[in-house]
Each structure stands twice: as structure tokens, then as C-alpha cells.
Engineer: 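Below you'll find the structure I mean.
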Amino acid sequence: MLDIKFIRENTETVRKAARDKGEPDFVPGLLEIDDLRRRLQRKADDLRHDQKAVSQEVGNAFKSGNLEEGNKLKARAKELSEKIKGLEEELRKVEGDFGDIMLKIPNLPDPEIPVGGEEANIIVDTWGEAPEFGFKPRDHIDLGDILGILDMERGAKVAGRAFPVLMGDGSRMSRALIALMLDIHRRDGFLEVEPPFLANRNAMIGSAQIPKLEDDMYYIPREELFLIPTSEVPLTNLHAGEILAESDLPIYYAGFSANFRREAGSYGADTRGLLRVHQFDKVELVKFVAPESSGVEHESLREQAEKILKTLELPYRVKLLATGDMSFAAHKIYDLEIWAAGEGKWLEVSSCTSFLDFQSRRANIRFRPKDDGPLRFVHTLNASGVAIPRLLVALWENNQTERGTIVIPEALRPYMGGQKEMRRREVKDKTLQN
RNA sequence: GGAGAGGUGCCGGAGCGGUUGAACGGGACGGUCUUGAAAACCGUUGUGCCCAUCGGGCACCGAGGGUUCGAAUCCCUCCCUCUCCGCCA
């Protein structure tokens, strides 16, 4: 959410931001209703002021035994009271509408970001080399099938399409990755958090999934809870409504969760196998920082996510997203994309986002400055650190051998009991380990 | 799910329906004292919105309604916390 005062004074900036992001322009309607809201509030405040004064006099009159005067004043106060009630009802409605529109105004992109759609994205860095094979590499679906580590069909039987089932070494690798990533982040000063996987509407508004992404989430009407699409939601809302001390900042969290996305309307490209699924595991990094440091913190957050990819020896590139490709709430985004040899594509595994105070205004997360000045909103940032399924895709496809086995990267082996390679699972031998 | 207790400022904790935005204590901050610190003493210490030059007004005591001339205080609904019981991984 932006500051309404800022919107009033920088109308064109805000409207341009919406245009550049490809969002509808709600500003003119907002300003109109803002004006109405203020006029009504002014009127109501004035009336309440009068009413308070008369009320006071009512008390005084009765106390001094002047019944006649008291009743007269009381009638006058009653009149005012009725008027106020009418106004308040009107004001409530107007404020409701005002609030709804405020939630629909997108964040401002950083001025240094290229304007345009996907084609305007900039590759700002690349790391590692795409692997070369002396044979035609298989994709992760084939590999999953051969090795018995991924079963899409049975997942569909249990829950529906795009609910993958990881089995055997597939599941084991997933679990190992989670542990590895959390360990790395923990060593670098992130506090490990295991949050709820469900969250209420208020939390969804706080981190800005609602209103825009409401239809992309699973919802449980009976409990009025949403399944989280990312642990950004619970992690960011951990401090909702709180006033932190400046000395508390920065706060770094690394949270693991399953994530649930309906992916409504996204059938088509890039949805095979593990590329786009309804449920996936992810480690998420969230930072709460002082406003002055959010630029620097954004860069270091990106490096933190990159560290995982380097550790796993995955070739990747860093993309600075253009305005049109950015999300509604973002101020600046880097995407991290890893190379997947079988797909022959770059896969997004991390989105590293700076929000400035966009989320903290919604969730009302403030801090008390050291110099005892007025309260300020913290800045929030988050990055996937990172998402598991596409990581598996790249790890499998890039590290495959001609025999159809998969070499496990060095760093991951200690987390897999020293296992070096994933081989075909002998189905008959149910106790087969490695 | 059932019974009970409770939700007040940064924290603890008062608060007959009528100058209570809120006693008191702690903390924090500033000052005095001190070579420095501690102790002691003095002082300051909520947020948001609106109008404005000084300044003024309004709202907020878990959330939302209601009663009343007037609500932190009375009533209703909901949420949360704690204790006990039940159920259960």
C-alpha cells in the first residue's frame, strides 16, 4: 500500500507506475473518493465536537439540579447524536470503498528499472557452464520414470493433475535439499522458522496476495483460511501490527513450508512434470530492515539465494525484471534462473523482491527509531531460497549419465548418507537403500 | 467441543456511565551529581486522521455492533490468551 498523501502529491508518478506495470489505473477514482471521505470526516468531527460539549453541559445541568435546562440540552444533544449516526454510516461506507481501492494501487517500480514487458528484462549476471553431453540428455520426466523417483500419474489419482509424487531417492533428495538450504541460511544469520501452512485473510492482505491473487489460492471456507502460496505470507505477517525497536533490525528469517497454488489458467507452456505444480516445497528468506539499508539488503539477499545454486553447482543467470514483468507489490525484482539440460530451458527458482514499505504499510509493521523520532515503517524483502521442484529438474537433468543414473552433487552427499549416485530402484526389493 | 478467568499504553497493572488519552510502578530517553559508571533526585515519554501560520479538532482501552445526552466502564456477536474437562496425531 502506498501513502495516500504521497498519491495526492505525486499523482502522475503513481499513475505511470500502474501503466508501466500493466495494472489498471484506479487513481482518479481514488482521489475523488478520498476527497469525499475527508469532507465527511471533517463534518462528522465537527458535529462530534459540538455533541461532546453539549453532553458535558447536560451533566453539569443535572448535577446542579437544573432539570428543565438539563432536559432542554439533552434534546439538543439527542438531535446532534442522530445526525452523527447518519453521517457515520455514510462515512463507514465511503471508507470501506476507499480502503478497497487503496489495496489495488500497485507499488512503484524502482526508477532504474527498464520499462516494458518480458522482452525488456535484463540479464545482469550469469554463473557456471551448461553441461555438455555425448548423448541426447533425457528430461526429468523420463529420468523420474526410469529411476522410479517421480510419479505424476499416481499423484493425479490421489489429488489431481500437477500434484507430483516423489519417491525413493527423489523424496530423499528433496528432503536433503531442504536441510542443506536451511543449514546454509542459518549459518549466515537467518533464523530458522517453521510457520503455519494456512493463513487468514488478514495475513493475505498484509503481504499483498489479496486482492490481486485471491483466485490463485486454495481456500477453506469452513475455517476461512487460505493455503499459503509461499511462506512469505506467514513470515512477513509474523510481525504484523508490531512496533519493533530499531535495534531489533535487521531481522532475517528462513522459513520452510509446502506451498499451494491453483495455477488457474496457466495450463499450456512449461507445465510438464515438475515445472509447474499445485504443491511444492520451498525455503523462503524474509528480511525486515531499516529503510536506509534496503537497497544493500536486497543485493545481499540475492547473493544468499545464489549461494544455494553455487553450492549445488548449478549454472544460473540473474535477471532484472522489467516493469511489466514485475509483480503488483514489488519495487524491484531479480529472478534467478537455472539451466535445465533436458528441458533445454532456464527455469526460475527464485524471485528476489524488494518491497520498500509496501507490505509493512498493509501489515502495519513499524519501528521506533533510535533517535526517538516518529515511528517509521520497516522495509521488507524476500527471496526464495530456493524452490525445490525445479531444483530437482535441473539437478537430475544436468547430472545424468548415459546409463540413466544421476550423480549427486558433492555438497548434498552428506545429507544423503554419503550417497553419490541415484540408480534404478529394484521394485521387488522394497528394502533396497542405495 | 464443554466450563471458568481474562484481553487497557513499550512492559506490568488500576480504572463509581460524566474534563480519563487514561492512576501507580517498571522500562526508555534527557538532566543534576560523579574522573567514569551505578545509586539517588528532577523532568520527558501513545498512535492515527482532519483543518491550520501559531494552534486546534476528532478517533482509538482485542474486533465489530448496540443502549445512552454521554461508554475503557452496561448489553450482544466474534476473535485471542490462560486454567480445568473431553477428544485426538
Side-chain angles (χ1 to χ4, degrees), chain A residues 1-9 30-103 194-206 220-226 234 237-249 251 258 288 357 360-378:
Chain A
M1 189 158 64
L2 298 176
D3 182 359
I4 181 63
K5 279 185 204 147
F6 180 89
I7 299 176
R8 274 184 221 135
E9 288 159 17
L30 177 74
L31 291 180
E32 212 167 290
I33 204 160
D34 175 46
D35 194 55
L36 174 62
R37 172 183 138 260
R38 281 192 289 169
R39 282 206 309 272
L40 284 173
Q41 188 183 338
R42 180 88 199 275
K43 221 191 256 170
D45 280 0
D46 288 349
L47 278 174
R48 270 192 290 249
H49 176 65
D50 295 346
Q51 209 257 1
K52 257 173 125 169
V54 177
S55 252
Q56 198 87 251
E57 288 173 43
V58 172
N60 291 338
F62 282 126
K63 225 177 273 173
S64 61
N66 193 341
L67 294 188
E68 198 186 328
E69 178 68 9
N71 282 321
K72 231 167 97 187
L73 286 165
K74 202 165 143 174
R76 166 84 186 125
K78 175 87 175 164
E79 225 174 90
L80 284 167
S81 176
E82 305 277 303
K83 235 191 218 166
I84 291 168
K85 251 174 214 162
L87 254 182
E88 276 179 341
E89 196 174 327
E90 201 181 339
L91 186 60
R92 248 199 306 270
K93 194 194 164 300
V94 170
E95 277 182 334
D97 294 346
F98 172 76
D100 288 347
I101 301 176
M102 279 296 277
L103 293 180
E194 186 170 324
F197 292 4
L198 279 68
N200 58 34
R201 174 170 293 273
N202 203 38
M204 290 300 171
I205 290 172
I220 304 172
R222 188 168 146 136
E223 315 291 349
E224 296 184 47
L225 290 171
F226 294 86
N237 281 285
L238 240 30
H239 294 293
E242 292 186 14
I243 297 170
L244 305 164
E246 183 164 10
S247 56
D248 292 339
L249 303 176
I251 296 172
F288 301 83
D357 58 1
S360 61
R361 279 180 185 279
R362 291 178 164 236
N364 197 22
I365 308 169
R366 292 170 296 175
F367 71 98
R368 197 177 294 287
K370 280 201 179 77
D371 63 15
D372 221 31
L375 299 183
R376 303 176 66 193
F377 289 102
V378 304

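No experiment lies behind these values; they were computed from the predicted model shown. Note: hydrogens, waters and symmetry copies are ignored here, and every other heavy atom, side chains too, is used. Order of the sequence lines sets the chain letters (A, B, ...), proteins ahead of strands, with each chain counted from 1.
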Engineer: Considering only atom P, compute the distance from A14(B) to A23(B) and round it to an integer number of Å.
Structural biologist: 14 Å
Engineer: Using atom C1' of each nucleotide, how far apart are G86(B) and G13(B) to the nearest Å?
Structural biologist: 35 Å
Engineer: Rounded at 0.5 Å granularity, tell me how far CZ in F98(A) sits from CD1 in I4(A).
Structural biologist: 4.0 Å
Engineer: Look through every strand shown and name the nucleotide pairing with C88(B) as Watson-Crick or G-U wobble, where both distances are under 3.5 Å.
Structural biologist: none
Engineer: For U77(B), what is the paired nucleotide under Watson-Crick or G-U wobble rules, both distances under 3.5 Å?
Structural biologist: A63(B)
Engineer: In this structure, how many angstroms lie between the P atom of C69(B) and the CD atom of E57(A), rounded?
Structural biologist: 16 Å
Engineer: Just call it for R201(A): base, sugar-phosphate, or nothing, with non-hydrogen atoms closer than 4.0 Å on any strand.
Structural biologist: nothing
Engineer: What does Q51(A) touch in the nucleic acid at a heavy-atom separation under 4.0 angstrom: a base, only the sugar-phosphate, or nothing?
Structural biologist: sugar-phosphate
Engineer: Can you name the salt bridge (Lys or Arg N to Asp or Glu O under 4.0 Å) partners of R201(A), sequence neighbours left out?
Structural biologist: E214(A)
Engineer: Closest heavy-atom contact between G70(A) and F62(A)?
Structural biologist: C-CZ, 3.8 Å
Engineer: Taking OP1 and OP2 of C58(B), is either one under 4.0 Å from a side-chain nitrogen or oxygen of H49(A)?
Structural biologist: yes
Engineer: Does K52(A) make a side-chain N or O approach to OP1 or OP2 of A59(B) shorter than 4.0 Å?
Structural biologist: yes
Engineer: Go ahead and name the base partner of C82(B); Watson-Crick or wobble counts if both distances stay under 3.5 Å, otherwise write none.
Structural biologist: G4(B)
Engineer: Return the CD1 to CG distance between I243(A) and N364(A), rounded to the nearest 0.5 Å.
Structural biologist: 7.5 Å
Engineer: Considering only side-chain heavy atoms of R48(A), which listed nucleotide, C50(B), C69(B), C58(B), is closest?
Structural biologist: C58(B)
Engineer: Hey, is the main chain of A203(A) close enough, under 3.5 Å, to the side chain of N237(A) for a donor-acceptor pair?
Structural biologist: yes
Engineer: Distance check needed: U67(B) P versus K78(A) NZ, whole Å only.
Structural biologist: 8 Å
Engineer: Do any N or O atoms from the side chain of S360(A) and from the backbone of F377(A) form a donor-acceptor pair under 3.5 angstrom?
Structural biologist: no
Engineer: From CG of L225(A) over to P of C79(B), roughly how many Å is that when rounded to an integer?
Structural biologist: 12 Å
Engineer: What interatomic distance, in whole Å, is found between C1' of A22(B) and the corresponding atom of C88(B)?
Structural biologist: 45 Å
Engineer: Which nucleotide in the set C50(B), G18(B), A59(B) lies at the smallest distance from any side-chain heavy atom of R8(A)?
Structural biologist: C50(B)
Engineer: May I ask you to test the F226(A)-I220(A) pair for a side-chain heavy-atom distance under 4.5 Å?
Structural biologist: no
Engineer: Strictly below 4.0 Å, N to O, side chains only: are D34(A) and R37(A) in salt-bridge contact?
Structural biologist: yes
Engineer: Could you tell me how far apart N364(A) (CG) and C60(B) (P) are, to the nearest whole angstrom?
Structural biologist: 18 Å
Engineer: Taking any strand in view, what nucleotide pairs with C58(B) in a Watson-Crick or G-U wobble way, both distances under 3.5 Å?
Structural biologist: G48(B)
Engineer: Tell me: CZ of R38(A) to C1' of A52(B), nearest whole Å?
Structural biologist: 13 Å
Engineer: In the structure shown, which nucleotide is the Watson-Crick or G-U wobble counterpart of C69(B), with both distances under 3.5 Å?
Structural biologist: G18(B)
Engineer: If we call it a pair only when both distances are under 3.5 Å in a Watson-Crick or G-U wobble match, what pairs with G9(B)?
Structural biologist: none
Engineer: Should A40(B) form a Watson-Crick or G-U wobble pair with both distances under 3.5 Å, which nucleotide is its partner?
Structural biologist: U32(B)
Engineer: G56(B) phosphate, OP1 or OP2: any side-chain N/O from R42(A) under 4.0 angstrom?
Structural biologist: no
Engineer: Rounded to the Å, how far apart are E224(A) CD and C79(B) P?
Structural biologist: 9 Å
Engineer: If I take atom CG in residue D45(A) and atom P in nucleotide C60(B), what distance separates them, rounded to the nearest angstrom?
Structural biologist: 11 Å
Engineer: Counting only heavy atoms and a strict 4.0 angstrom limit, can you tell me which residues of residues 80-98 of chain A come near RNA chain B?
Structural biologist: S81(A), K85(A), R92(A)
Engineer: Under 3.5 Å, which protein N or O atoms sit close to an N or O of nucleotides 45-48 of chain B? Give each pair with its distance.
Structural biologist:
residue, atom, partner, partner atom, Å
U47(B), O3', R366(A), NH1, 3.2
U47(B), O2', R366(A), NH1, 3.4

Engineer: Can you list everything that forms a side-chain contact (heavy atoms from CB on, under 4.5 Å) with A53(A)? Sequence neighbours excluded, please.
Structural biologist: none
Engineer: Atom CG of N71(A) and atom P of C69(B): how far apart are they, to the nearest Å?
Structural biologist: 10 Å
Engineer: List the residues meeting side-chain contact (heavy atoms from CB on, under 4.5 Å) with D3(A), not counting sequence neighbours, and say none if there are none.
Structural biologist: K5(A), F6(A), R361(A)
Engineer: Show every donor-acceptor pair shorter than 3.5 Å between a side-chain atom in residues 76-94 of chain A and any protein atom, with sequence neighbours excluded, or say none if there are none.
Structural biologist:
residue, atom, partner, partner atom, Å
E88(A), OE2, R48(A), NH1, 2.4
K93(A), NZ, D97(A), OD2, 2.8

